[in-house]
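Each chain gets a letter, A, B and so on, in the order its sequence line appears, and its residues count up from 1. What you see below is based on every heavy atom in this structure, not just the backbone, and it leaves out hydrogens, waters and symmetry mates.
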Amino acid sequence: MSTVGLTHGWIMHINIRHKLGRDPWFVIGMILGSVLILLVLLGPPLTPYEPHDMSFRPLSPPSAEHWLGVNDGGMDIFSELLVGMRNTMGFGLLAGFVSLILGVAIGLAAAWFGGVPDQICMRLADILLAVPAVMILIMTAALFRPAPMTLALILSIMLWPTTAKGIRAQALVVKNRLHIHAAKQMGGSGSYIVVKHLLPELFPLYIIGFATKARMAMFMEASLAFLGLFDPSRKSLGIMISYALKYYYLDIWWNWLLPPVFLLTLLIMTVTFLAIGLEKVFDPRLKEAL
Amino acid sequence: MRKGHHIGLVPAYLLAGLVLIYASYILPRLLPGDFVTAMYSSSHVALTADQEDQIRAHYSHGEGFSRFLVNLLTLNWGYSYAFLTPVSGLILGALPWTLLLLGSAHAISMFFGFIAGVEAAWRRGGYLEKAGVGCMTVLEGMPEIGTGVALLLVFALYLEWFPPSGAETAYAMSSPLGRIWDVARHLVLPLSTLVLAYFPGNFLLTRASMVMVLRAQFVQTARAKGLPPARVRYAHAARNALLPMVTRFGLRIAFMITGALVVENIYSYPGLGTLLFNAIAMRDLPLIQGIVLFSSLLVLFINLALEYVYGWIDPRVDYAY
């Protein structure tokens, strides 16, 4: 299944686009995703107030001026929400992207060179897989209080192994195909073959890997923020939930607690649907750590 | 060959464990400047000058790595200034609650997820199966924060069926049976949140691998022999769908821990997650360090144990190396 999809380049391409368009999860994911992206892009002009502005009456209910009311610190909840989602999403996309690049580079290198480099990379991947990434993040965050960007990069260093292993396995299959042998016979250099043949032929794996990694990173960002590991002045869905949860028994849970919970759930759900749809269409057998 | 694979793994895990311990030893010592003052100035814990000196000494004096290792083994993990107790006591006190919560959540979601997955694959194409897969895919997309808060609002705040926080009623003098009932009632909401988070993945994965297994020829043979369907399903086919679930468990551990941390906090369940949250809030560095190191080593150990489970479930795994 996958092998066909992976080798016959663009002929299958049309078919795959057709199949993706018919997969309900992928379509729902795309629709939700476009709405969320639109919210993020239109966020800055849409944000009614500066989210750090504390000059409003604390805990006032939703009104025409404050669509979702004001939190305990006197900040406009709707503005917080937009900025928070942008931060959560940005963190996830960055960590997903960097871990994807690391995973692809290491996976391809391991498959192409084989032997000792392969062994080293894969043992390293095993070790990283055995270490819980959250704990490393918590430790660095608690000790050094790094910028969110730095944490995203550290997370991507912890997340590359699953992608690298998937890429390596598939690259080993492609590597022994006839057209690669032909390219070698023609005198194509290693870098030429890797860049021109292996890299594009594994493309479906990249988007699946990216979606699963971005999902994991968004989930982690929200959770770490919830646990209070980020700078408290940085807006994030996780931190909003954490603060609002302290007052959940008051009558403000529906305008303060529910919106960030809803938005975060929507965000994670969107990425999950996209990942599941892509996985189903591109390779039913490839079960990555979802 | 079989033995070789496992023996080769032990050093890798030992190395990983040592790296973790060393990181935990060296990181606080790499901090620039007087971090003790910087850290505790913004916390709620007021330290006397004496205590501040003590903690500074704990991190800065030339205690070697070997001494650190000995302390680790003798449960001498430092002193928590926020709780005024040794760190080891706090961790070992919270551990049973976390084990109870996570253990039962995994046992329930793996067992029922597996059964449901096998049955769904068997009834492939039916309406019930399609609806089940749809629901589970939606649930799979729900983060623990979302389901946790939703369950809290509905069942603890609105319906008031279950207590919103804690693991047992404080100072309740009751019979042993009453205590078990009390603990169970407190467990329901956090447990349901975690089961809702773990169950869909187990279900979907088992179903997917079972669908592949059912196409195999040996399943047809078993059917052709006239074996009862339940026997074909479980004795012949299902055991082949078991391995992916165990593999997935290992791959998802980091993810699951994050979720469990959050769930414990939502319900103020007195396990390691809530302890860690409080330690972070009070900038209690020795405690944070202790929890992080302890749980990382625990996960490492579970992963190593899983490697043996793979080989036991599916001998082919050993030959693959």
Enquirer: Are the side chains of I280(B) and I138(A) in touch, meaning some heavy atoms are under 4.5 Å apart?
Expert: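 Yes - at least one pair of side-chain heavy atoms lies under 4.5 Å apart.
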Enquirer: Walk me through it: do E144(B) and T193(B) pass the test side chain to side chain donor-acceptor pair (under 3.5 Å)?
Expert: CA-CA 7 Å; E144(B) 283 94 327; T193(B) 311; over 6 Å; no
Enquirer: Which answer fits I28(A), side chain, backbone, both or neither, if we ask what part of it has an atom under 4.5 Å from a heavy atom of chain B?
Expert: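 Interface part for I28(A): neither.
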Enquirer: Identify which of L224(A), L137(A), L229(A) forms the greatest number of heavy-atom pairs closer than 4.5 Å to chain B.
Expert: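 Of the candidates given, the most pairs with chain B belong to L229(A).
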Enquirer: Identify which part of L276(B) has an atom lying under 4.5 Å from any heavy atom of chain A, answering side chain, backbone, both or neither.
Expert: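 Contact with chain A: side chain only.
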Enquirer: Is it true that atom CE of M122(A) has more than 12 heavy atoms of other residues, nucleotides or ligands lying nearer than 6.0 Å?
Expert: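 Result for CE/M122(A): enclosed.
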Enquirer: Under the criterion side chain to side chain contact (heavy atoms under 4.5 Å, CB included), I'd like the reasoning laid out for L267(A) against M218(A): C-alpha separation, chi angles, the key distance, then a yes or no.
Expert: CA-CA 8 Å; L267(A) 189 62; M218(A) 286 177 196; 3.7 Å; yes
Enquirer: Under 4.5 Å from any heavy atom of chain A, what part of V211(B) do you find: side chain, backbone, both or neither?
Expert: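 Nothing of V211(B), per the 4.5 Å heavy-atom cut-off to chain A.
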Enquirer: Between I257(B), V138(B), L297(B), L15(B), which has the largest tally of heavy atom pairs under 4.5 Å with chain A?
Expert: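 Top option by heavy-atom pairs under 4.5 Å: V138(B).
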Enquirer: Would you mind telling me which of L227(A), T140(A), L266(A) has the largest number of heavy-atom pairs within less than 4.5 Å of chain B?
Expert: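 Of L227(A), T140(A), L266(A), L227(A) has the most heavy-atom pairs under 4.5 Å with chain B.
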Enquirer: Against chain A, label L20(B) side chain, backbone, both or neither, depending on which of its atoms sit under 4.5 Å from a heavy atom there.
Expert: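 For L20(B), side-chain heavy atoms alone lie under 4.5 Å from chain A.
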Enquirer: Against chain A, work out which of T137(B), L293(B), V19(B) has the most heavy-atom pairs shorter than 4.5 Å and name it.
Expert: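 Highest number of heavy-atom pairs under 4.5 Å: T137(B).
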Enquirer: Measuring heavy-atom distances to chain A, does V262(B) have an atom under 4.5 Å in its side chain, in its backbone, in both, or in neither?
Expert: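 Contact with chain A: backbone and side chain both.
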Enquirer: Can you check whether I268(A) reaches M142(B) side chain to side chain, under 4.5 Å on heavy atoms?
Expert: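 The answer is no, as the side chains (C-beta and beyond) never meet within the 4.5 Å cut-off.
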Enquirer: Strictly by modelled atom types, are K213(A) and S156(A) linked by a side-chain donor-acceptor pair under 3.5 Å?
Expert: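 Side-chain D/A pair, K213(A) to S156(A): absent.
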Enquirer: Sort A222(A) into side chain, backbone, both or neither according to what part of it lies under 4.5 angstrom from a heavy atom of chain B.
Expert: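 For A222(A), backbone and side chain are both near chain B.
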Enquirer: Check the pair L155(A), F91(A) against side chain to side chain contact (heavy atoms under 4.5 Å, CB included), reporting the backbone distance first and the verdict last.
Expert: CA-CA 10 Å; L155(A) 179 62; F91(A) 185 97; 4.0 Å; yes
Enquirer: What part of L258(A) is in contact with chain B, defined as an atom under 4.5 angstrom from a non-hydrogen atom: side chain, backbone, both or neither?
Expert: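 It is the side chain, since no backbone atom gets that close.
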Enquirer: Against chain A, work out which of A156(B), A279(B), G134(B) has the most heavy-atom pairs shorter than 4.5 Å and name it.
Expert: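 The residue among A156(B), A279(B), G134(B) with the greatest pair count is G134(B).
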Enquirer: Please name the residue in the list L261(B), T98(B), N265(B) that meets the side chain to side chain contact (heavy atoms under 4.5 Å, CB included) test with T274(B).
Expert: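 Output: one option passes, namely N265(B).
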Enquirer: Report which part of F226(A) has an atom under 4.5 Å of a heavy atom belonging to chain B: side chain, backbone, both, or neither.
Expert: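 The answer is both parts of F226(A).
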Enquirer: Between S80(B) and D284(B), is any side-chain donor less than 3.5 angstrom from a side-chain acceptor?
Expert: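 Side-chain D/A pair, S80(B) to D284(B): present.
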Enquirer: Chain B heavy atoms under 4.5 Å from L129(A): which part of the residue, side chain, backbone, both or neither?
Expert: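 Both parts, heavy atoms under 4.5 Å.
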Enquirer: Taking side chain as everything from C-beta outward and backbone as N, CA, C, O, which of these in I302(B) sits under 4.5 Å from a heavy atom of chain A? Side chain, backbone, both or neither.
Expert: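 Interface part for I302(B): neither.
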Enquirer: For I207(A), which residues count as a side-chain contact (heavy atoms from CB on, under 4.5 Å) partner, sequence neighbours excluded?
Expert: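 With neighbours one apart ignored, the set is F203(A), L278(A), F282(A).
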